[in-house]
Each structure stands twice: as structure tokens, then as C-alpha cells.
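The block underneath contains the structure these notes are about, expressed in C-alpha cells.
Numbered from 1 within each chain, the chains take letters A, B, ... in sequence-line order.
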Amino acid sequence: MLLSDLLPHTLREAPAEAEVPSHRLMIRAGLIRRHAAGIYSWLPIGLRVLRKAERIVREEMERIGAVELLMPCVQPAELWHESGRWQKYGPELLRMTDRREREFCFGPTHEEIITDLIRNVVSSHRQLPLTLFQIQTKFRDEVRPRFGIMRAREFLMKDAYSFHLDEDTLAETYTRMREAYERILERIGLDYRVVEADNGAIGGNSSHEFHVLADAGEDTIVYAPQGQYAANLELARAQAPEGERPAPGAELEHVPTPNARTIPEVAKLLKIPAERCVKTLIVQGSEAAAVALVLRGDHELNHIKAARLAEVASPLVLLDAEAVEALGGLKFGSIGPVGLEMPVIADRDAAILSDFCCGANKPGEHYIGVNWDRDVDEPAVADLRLAREGDTSPDGQGTLAFARGIEVGHVFELGTRYSEAMGAVAQDDHGAERPLSMGCYGFGVSRVVAAAIEQSHDKRGIIWPAAIAPFDILVVPVGHGRSADMLGAAERLHDELEQAGFEVVLDDRALRPGVMFKDAELLGIPHRLVLSERSLEQGMVEYRARTAESNEDIPRERIADFLRERMHPPE
RNA sequence: CGGGGUGUAGCUCAGCCUGGUAGAGCACUACGUUCGGGACGUAGGGGUCGUAGGUUCAAAUCCUGUCACCCCGACCA
């Protein structure tokens with residue numbers, strides 16, 4: 001293929017808006033182009049990469065017996081009303097009306113459509129289990145699209161759905177899908193972690209996320225480097241405290257704390273470590289107007305965990321200063337559980353404290369020597385806090401470390417949430433009609449391309465993993481001006497390698513060598529061959545891997561074999 | 001949605017404070033010289049200064065509204 005035919009458009013400088021390496025490099029290399037926030041074109045070279053990622057995903061889906069179909073991007077509102085999500089999904093759902101004022105949305109996901117399809121097509125256990133997938137453009141009207149293709153509003157996703165009448169085959173498909181995702185990420189050559197996850201808006205039971213590790217990642221993942229445990233920080237269980245609560249050793253005492261509102265200020269003023277203070281957060285209750293959450297002073301509230309408590313409203317609402325004041329004159333900076341007239345839930349670490357310090361529910365006053373049971377009713381106890389680096393892993397193996405991750409895949413066991421709402425049933429082997437169990441499995445195809453660049457680039461440009469590189473080999477002829485047949489020689493080399501089965505692109509732009517070399521590095525094609533007047537005379541070709549610092553001269557007639565060995569080294 | 005910021009040529013930016021003929025580098029076109037790490041010369045093309053209104057003899061510049069975009073926090077492949 002000729003580079004000049006591929007709409008090459010490299011930039012020396014990236015637009016000011018591009019912040020993270022993958023976004024900058026994709027724009028500079030001319031792989032994508034933005035039209036509006038989170039909406040991009042894929043230029044020919046970029047599209048080759050996307051198609052390669054897509055092909056790997058498709059192959060691994062087919063390997064586990066999933067079957068491809070294609071569903072519509074535009075979906076009728078009625079189906080979303082049936083599942084209840086027309087109300088629930090919120091402004092992220094791009095809604096529209098047709099000429100007859102009938103409502104539609106641009107699909108952000110396809111549970112409704114697939115369930116509608118299956119309920120009309122499947123009626124017997126003999127047709128199950130069944131796993132279907134598609135690779136298709138999705139639209140989610142993200143609050144804040146950013147980082148180019150990484151968090152776009154329009155993006156390419158593989159979504160798969162499985163249907164079952166028994167939990168065993170659902171669990172089996174779920175496991176096979178997890179393994180398929182691991183194979184995809186291994187084939188692309190990415191460093192990743194599988195983590196326990198929250199189910200979010202899609203709902204259901206068990207759920208795992210697949211994160212590619214990268215500094216630009218938007219999620220914090222928690223994992224034990226020496227053990228198996230890994231989870232999204234939102235979900236990571238905190239280490240349970242050991243031992244019993246010590247018996248009270250101090251008297252309850254009222255102390256003035258003028259101008260000390262935060263835990264560090266109070267701790268400093270009273271010369272008490274933050275670990276012996278508690279903070280009290282007032283949130284909206286599910287039934288009660290307010291619920292108090294008590295955490296140790298040095299711990300942070302995990303909002304997801306709090307929202308999951310039956311007593312607490314979901315999603316979590318932290319009451320603001322005004323609402324707190326309305327509850328009997330409470331002020332931020334001096335709230336504590338003593339004498340508080342509302343349900344109190346303490347984190348496990350706060351619940352085993354004795355002789356602790358807390359706000360006295362009057363501005364500028366605190367209590368010290370506070371003890372549960374003696375001074376305050378025993379609280380309900382729950383895991384409320386965020387995990388911290390250095391905590392012992394919840395499974396006891398090693399200590400927790402944090403890393404940044406880019407979520408490229410997410411698998412869910414949905415159960416019967418959609419099939420019950422939408423009446424997707426089949427007859428079991430006794431002739432009884434039962435709702436189908438579902439699994440759903442998403443993989444961000446366009447996002448994994450950005451993730452690959454985040455993990456594999458240097459200051460000069462992209463370093464494509466071989467599996468998704470737009471081409472295997474770039475041929476660069478230099479010295480057009482001196483040697484009349486330079487381009488002809490390059491074309492012969494290109495044709496020969498193409499016939500040998502390589503994907504080859506020839507830089508036929510006849511630019512100055514420096515420009516072509518810079519672009520070669522920016523584009524990141526794994527193998528570069530340079531032809532020059534000198535090498536032609538000597539019957540050699542100059543080879544350099546994208547990752548190498550220097551050149552090797554390879555005899556012209558050996559070049560195909562040499563490249564074969566480089567790309568597929570003998571075991 | 002809350003907080004901060006930016007809109008001037010395809011890209012990076014200057015000009016704005018202190019109103020007076022819209023600029024530079026890169027990119028683009030033509031010609032010439034160059035040709036192993038982002039060359040040089042000459043001549044060109046391209047911008048109603050985001051947008052609407054106001055102040056003024058005169059607005060890129062001052063004022064008001066509005067839109068778009070970017071960054072930091074609550075959501076997701």
C-alpha cells in the first residue's frame with residue numbers, strides 16, 4: 001500500500017485540548033479527527049488499527065461459541081419504557097423523535113433490543129443456552145467526554161448477551177467470557193487486571209471489570225501484588241479490624257475547640273491522633289430524613305458502600321450545611337454521635353474504638369473519652385470506608401497497592417432483571433414457563449486502541465503492539481534526488497514483501513529523509529526498512545525495529561526470511 | 001451539575017491592558033536550489049478575530065448576553 005493514498009496527516013504539534021499521550025499521539029499521527037465533543041472520525045490508518053482490534057475480539061468471541069448478529073443503533077422508546085430505563089437512565093441517553101413525534105433513543109447498550117428479539121424467537125430450553133454478540137457504534141451522552149477516543153460519546157463496542165434457564169450454564173458462560181477477555185488482552189499484549197466491580201446502572205449480581213494499567217486511567221484499582229485480590233476502589237472491601245474493643249478507660253469530657261473544625265485541626269489542638277477521632281457524616285436516609293455515618297478520623301467514606309445500606313438513600317446524598325442546620329442546629333465541624341437523634345451507622349474501625357474524640361453537636365465544642373454503649377447507643381456496624389494502600393488484602397494475601405486503570409471490559413451476571421420486566425420466558429424440560437437468566441458482556445473496542453497507546457509509546461510517538469499495528473513494515477526510500485530508480489527499487493521491495501504475506505506500506509511521498517523518519521516514529525509501525533543509494537549499491541537493506549536505537553544492514557535477498565524470523569521467532 | 005479557564009488562518013500562538021489598515025512560525029500552492037533525522041529562497045492562497053447586541057467618528061481590543069470548547073470534582077466500554 002502507498003502511504004500517500006492513506007490520507008497521511010501528521011502534525012508537529014498537537015492541539016492544545018489534547019492532554020493525555022494517547023490523545024495527543026492519535027491526533028498528531030493523523031489517526032483520528034474531532035468534529036464535536038467526544039465525536040471523532042477515524043482516518044484510514046487509524047481505522048486499520050481499529051479493525052485489527054475488532055478482528056481479535058470477534059475471533060475470541062467465536063472461539064467460545066458466541067454468534068454474531070447486528071442490532072439497530074436507533075431504538076424505540078417503548079422497549080425502554082418496558083424495562084423502566086427510559087426514566088432511570090437519565091440524560092446520558094440521547095433521545096430523539098421522528099417525524100411522527102414517536103420517541104427513540106440512540107442505543108447506549110442493547111439489553112432491551114436483545115431481550116425483545118429473544119422473547120419472540122426463543123421459547124424452548126432446547127434453544128438454550130445461547131450467546132450472541134455484535135460489534136457496533138454506541139452513543140452515550142457523557143457528562144464530560146475527554147481524552148479523545150478514550151472517553152468518547154460515540155464509540156465502538158462489542159456487546160454480548162447470553163440467555164439461560166439454569167444458573168449453572170450462566171456461570172459457565174460468564175467464566176468462558178472472562179477467559180475470552182483475558183485472551184483478547186493478552187493477544188494485544190496489554191498489562192491488565194481483572195477486578196471485582198460495582199454493577200452500576202445495568203443492575204444484576206456478579207460483575208468484573210477488565211482494566212488496562214496506565215497512568216492516564218480514570219479509575220483507581222486496588223490490588224494485592226503478591227495475591228489474587230483486585231477490585232475497583234469503589235468496591236474494594238476494607239480490611240476488618242482485629243481484636244475486641246478495649247474497655248472504657250477515660251471519663252467522658254467536654255472540651256472547647258474554638259476554630260478547630262477539621263479532623264487534623266481538632267487532632268492537633270487536643271494532641272490526639274486522628275485515628276482516635278471520629279468523623280460524623282449526615283446523609284439522606286431511605287426512610288429516616290437523615291442518617292449519621294461514623295468513620296475513624298483518618299478514614300474516607302466510600303460512597304458506593306454507603307449507598308448500598310438499606311437505611312441510606314441511593315444514590316447517596318450528603319446533606320448540605322443548610323439541611324444539617326435544620327436538624328436541630330447542627331454545624332459542620334462539630335457533629336458527633338453523642339445525643340444525636342437519628343440512626344447511627346459506624347464503620348467497623350470506628351466501632352471498635354474506645355475513649356475516642358468526636359464533635360459535641362455545638363459549634364466549637366468536642367467530647368473526648370467517648371465510649372460506645374456507655375455514652376452513645378451501640379451503633380449499627382458496616383464496612384463504610386475506602387480501602388487504603390498498605391491495608392492487608394481482604395483475602396489475607398499480601399497488602400494492597402493502588403494503580404490507575406482504563407476500563408476496557410465489563411462482564412455482568414444480570415439474572416432475570418430484564419427478562420422478567422419484558423416477559424422473556426421459555427419452557428423448561430418439564431414444560432413450565434420460566435424467565436430467562438441473562439449475562440451481558442461489554443468490551444470497548446475503540447477504547448482499547450487508546451489504552452494500547454497509553455501503555456506503549458515513547459517521546460517520539462506510538463509503538464504499536466504487533467497484533468494491532470496498522471502495518472507490519474514501513475519501507476522508506478531516501479535520496480530520490482540522486483538515484484532515479486530509488487522509488488522503483490522501493491516498489492519492488494514492497495511488492496515482494498507483500499507477496500510474502502506481510503502488510504507493507506511504502507512511504508512514496510518523496511520528502512526529505514528527516515521528515516519521513518520522524519513520521520515513521522510517530523506512526524509507530526513495528527518494522528522499518530530504509531533503502532538508500534548506498535544500500536542499493538551494496539545490495540543491502542537497512543532494518544530498524546521501532547523499539548531499537550540503531551540500524552542493522554540485512555542482505556537484500558535475505559530480507560523476507562529475516563523479517564519472518566523477527567516477527568515469529570522460533571520457540 | 002458545581003468550580004476554574006479559553007475562543008484570532010488547518011495546527012501552535014502574538015496582538016487586547018492603553019480602540020485607529022489583522023500578524024508570526026508550521027502546514028498549503030507554484031518555481032528554483034537542496035536531499036540520511038522535521039532545509040532554504042522567491043512569489044502566492046487562506047481569517048466577517050466563536051456569536052448577537054451595546055458604547056464610540058472608529059471595536060479583535062471596552063461593556064452585556066449567548067454558544068462552543070478545555071481543565072478539576074459526582075457517572076461509564
Select one nucleotide: of B:G36, B:C11, B:G73, the one nearest the side-chain heavy atoms of A:E13. B:C11
Would you call A:F517 stacked on B:G38, i.e. ring centres under 5.5 Å apart with the planes less than 30° off parallel? no
Earlier contact from the 5' end, RNA chain B, for A:L522 and A:R447: A:L522
Would you kindly check whether a donor in the side chain of A:R12 faces an acceptor in the base of B:U12, or vice versa, at under 3.5 angstrom? no
Remember a base hit wins even if backbone is also touched, and classify A:R153 as base, sugar-phosphate or nothing at under 4.0 Å, heavy atoms. nothing
State the pairing partner of B:G41; accept Watson-Crick or G-U wobble contacts with both distances under 3.5 Å, and report none otherwise. B:C31
Pairing check on B:G46: which nucleotide meets the Watson-Crick or G-U wobble criteria with it, both distances under 3.5 Å? none
What contact category does A:R528 fall into here, base, sugar-phosphate, or nothing, at under 4.0 angstrom with non-hydrogen atoms? base
Expressed as a whole number of Å, how far does the C1' atom of B:U66 sit from that of B:A74? 27 Å
B:G37, B:U12, B:A77: which one has an atom nearest the side-chain heavy atoms of A:M157? B:A77
Whole-angstrom distance between B:C28 and B:C67, as gauged at atom P: 38 Å
From the set B:A39, B:U12, B:C75, return the single nucleotide nearest to any side-chain atom of A:P15. B:U12
Which of these nucleotides, B:G37, B:C75, B:G36, is closest to any side-chain atom of A:E142? B:C75
Should the pair A:R34 and A:Y40 be classed as cation-pi, given the thresholds of under 6.0 Å to the six-membered ring centre and 45° from the axis? no
How many whole angstroms separate atom CG of A:L235 from atom P of B:C76? 13 Å
Look at all strands and tell whether A:A450 reaches a base, only sugar-phosphate, or nothing, counting heavy atoms closer than 4.0 Å. nothing
Heavy atoms only, 4.0 Å cut-off, all strands: where does A:D219 land among base, sugar-phosphate and nothing? base
Give A:V408 one of three labels, base, sugar-phosphate or nothing, depending on what nucleic acid heavy atoms sit under 4.0 Å from its own. sugar-phosphate
Describe the nucleic acid contact of A:R544 in one word from base, sugar-phosphate, nothing, applying a heavy-atom distance below 4.0 Å. base
Pick base, sugar-phosphate or nothing for A:E218, based on heavy-atom distances below 4.0 Å to the nucleic acid. nothing
Indicate, with a heavy-atom threshold strictly under 4.0 Å, whether A:N551 touches base, sugar-phosphate, or nothing. base
Determine whether a donor-acceptor pair (one donor, one acceptor, N or O, separation below 3.5 Å) exists between the side chain of A:R151 and the base of B:C76. yes
Below 4.0 angstrom from OP1 or OP2 of B:C75, is there any side-chain N or O of A:R144? no
